[in-house]
**Student:** 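Attaching a single structure in structure tokens format; questions to follow.
Remember, it's 1-based here, ligands and their atoms both numbered in the order they're listed.
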Amino acid sequence: MPPPPAAAVAARKLIGLLEPLLDGPDNAKGSGAATQPPGPGVRDILSAIQDLVPALSPGSPLFATFHNGQVHDPLGGGSYAFRDDVVGPLISALVHDETLAGELSGDTIATAGSGQARHARIPTRPIVIHAGLQPNNSPHVGTLIVFCYAFAVAGAIRDRMHTAAASTGVGSAPVTAPPVSVEITFVDTAPVEGQGEVIDGVHYQRSHRDVPKALQTYMADYDEVLHLLSTWSGIPYTVRFQSDFFAGPTIPSILRYIIEHHELLGQQLSPKHGTLALRAACPVPGCRLADKHGRRNVYTKPSSGGQQSDAGTITFHCPHHGPHVVRLSRPDEVARLEANAPARNLIRSMSHLLDTRTHHVRVTGADYAGMYQEAFLYRPLAAWAAWAAASTSTSTSTSTSTATATAAAVAGRTPHILYAPLVVDWSGAKLSKALYVRGGGYAAMELLGSGGLCSFALLRGRFGGDGAAGLRRIWEEVGRWLADPRKLFRAYSVEYLQRVVLEGGKWE
Ligand SMILES: [Zn+2]
């Protein structure tokens, strides 16, 4: 006689433990028993459940974990430093940037006799809150949290500045708070899955913007989400693509610096390949291949004369059609450029620092905090600032004016970046749509009732209508984090958000 299936063994054991509950005192209603802490019998039942659950689907086993529903927001590091306020310190930092530029004008508000005087000063330049995304899926809850954070912090900055402006004393000149907006950048140069090639060990990719169907697949979902968040926050937003980014007025001078220092930057930004991952797709119609890591790029420095016609070039290589060139003097050619995440991160930060007419604040996921920024952003930025300072004092070339402007704009300043809490799975890994789909994890999330967190499309399916009801729950939860900022300096589990967002409950 074959042994009974594991599920049957586990089920019998559990039933055996449960049966006495049917005959015993009424634990559910008995006030005395209900207030008792769980006893050893409960532990046995939990163990039996943990044995039974994986046996129910041995081909793709599930595992049962339990928790007590208590939520902690422990203090330490950022959560300690910013537990009372994150918006005020940010506004102060923007004011400080204007102080460095010698721009502190009559718009500065002094609230005499108030302990809040330092925070009552407001910036005069417009403020843009940035967030970005790769449109390779309908946005999952992690991306939606970043968007909610961007619009929420924009609204909080606007409200704080309006309050401060209104507090100007009688007789003072009226103060107008600068406009606050959100700018969403689509990284439409992300690779399209299944469209790449490896030739002679070099990886080539095709980008979303060169495969129109891939880009359009999810755009409607992003439009819907951004429209809703803009309506709820009262904050206007704009959408940008990579070609807009590379068309920026400061990009050519940044690229000149990058071409001159591409060897050092390649080592700093790509520990694996040691090359700077600037790309341009092959211009031959129907080809559009780009060298993913920029390994075959050839950089030609601008001549010392620095003439407009000789501002430097990057020669890219197509494995099928040979070399093609981007000349820095040609904006239409520069707009063809693409960059991988670290290079984009650096170039974007440089362009934000060089813009002395607008404040730029970025919101991104907490997985970019820490060593990533220190190695890929702050170290190269420090080298850039040092170069600008040294060039200003020693260079005699016509590029001195660029270096002088760079040195003046960058001195003492660093990017303003806010990090949104990560959404993590049971193991603490970041929720990632791509990985979940590949590993069959999405089916498990559906089974466990958390599938609506995988994408806005699934969230909309869960709540019906235009998906506003589900997004509204995320928006309100992020609003609670901003109101109690220590909640911004931690991660949130799928299970936590399942309860709060999908089931409309609370953990207290
Ligand atoms: Zn080609």
**Student:** With a cut-off of 2.8 Å, does Cys318 place any N/O/S atom under that distance from the Zn ion (ligand 1)?
**Tutor:** yes

**Student:** For Gln195 and Tyr204, test the side chains for any donor-to-acceptor distance below 3.5 angstrom and give the result as yes or no.
**Tutor:** no

**Student:** Using a cut-off of strictly less than 2.8 Å, determine whether His324 has an N/O/S atom near the Zn ion (ligand 1).
**Tutor:** no

**Student:** Without hydrogens or angle criteria, can the side chains of Glu98 and Thr124 be said to hold a donor-acceptor pair below 3.5 Å?
**Tutor:** yes

**Student:** Of all the N, O or S atoms in His321, which has the shortest distance to the Zn ion (ligand 1)?
**Tutor:** ND1

**Student:** Under a 4.0 Å threshold between the charged nitrogen and the carboxylate oxygen, would Asp221 count as salt-bridged to Arg460?
**Tutor:** yes

**Student:** Do His324 and Arg336 have side-chain atoms, one donor and one acceptor, less than 3.5 Å apart?
**Tutor:** yes

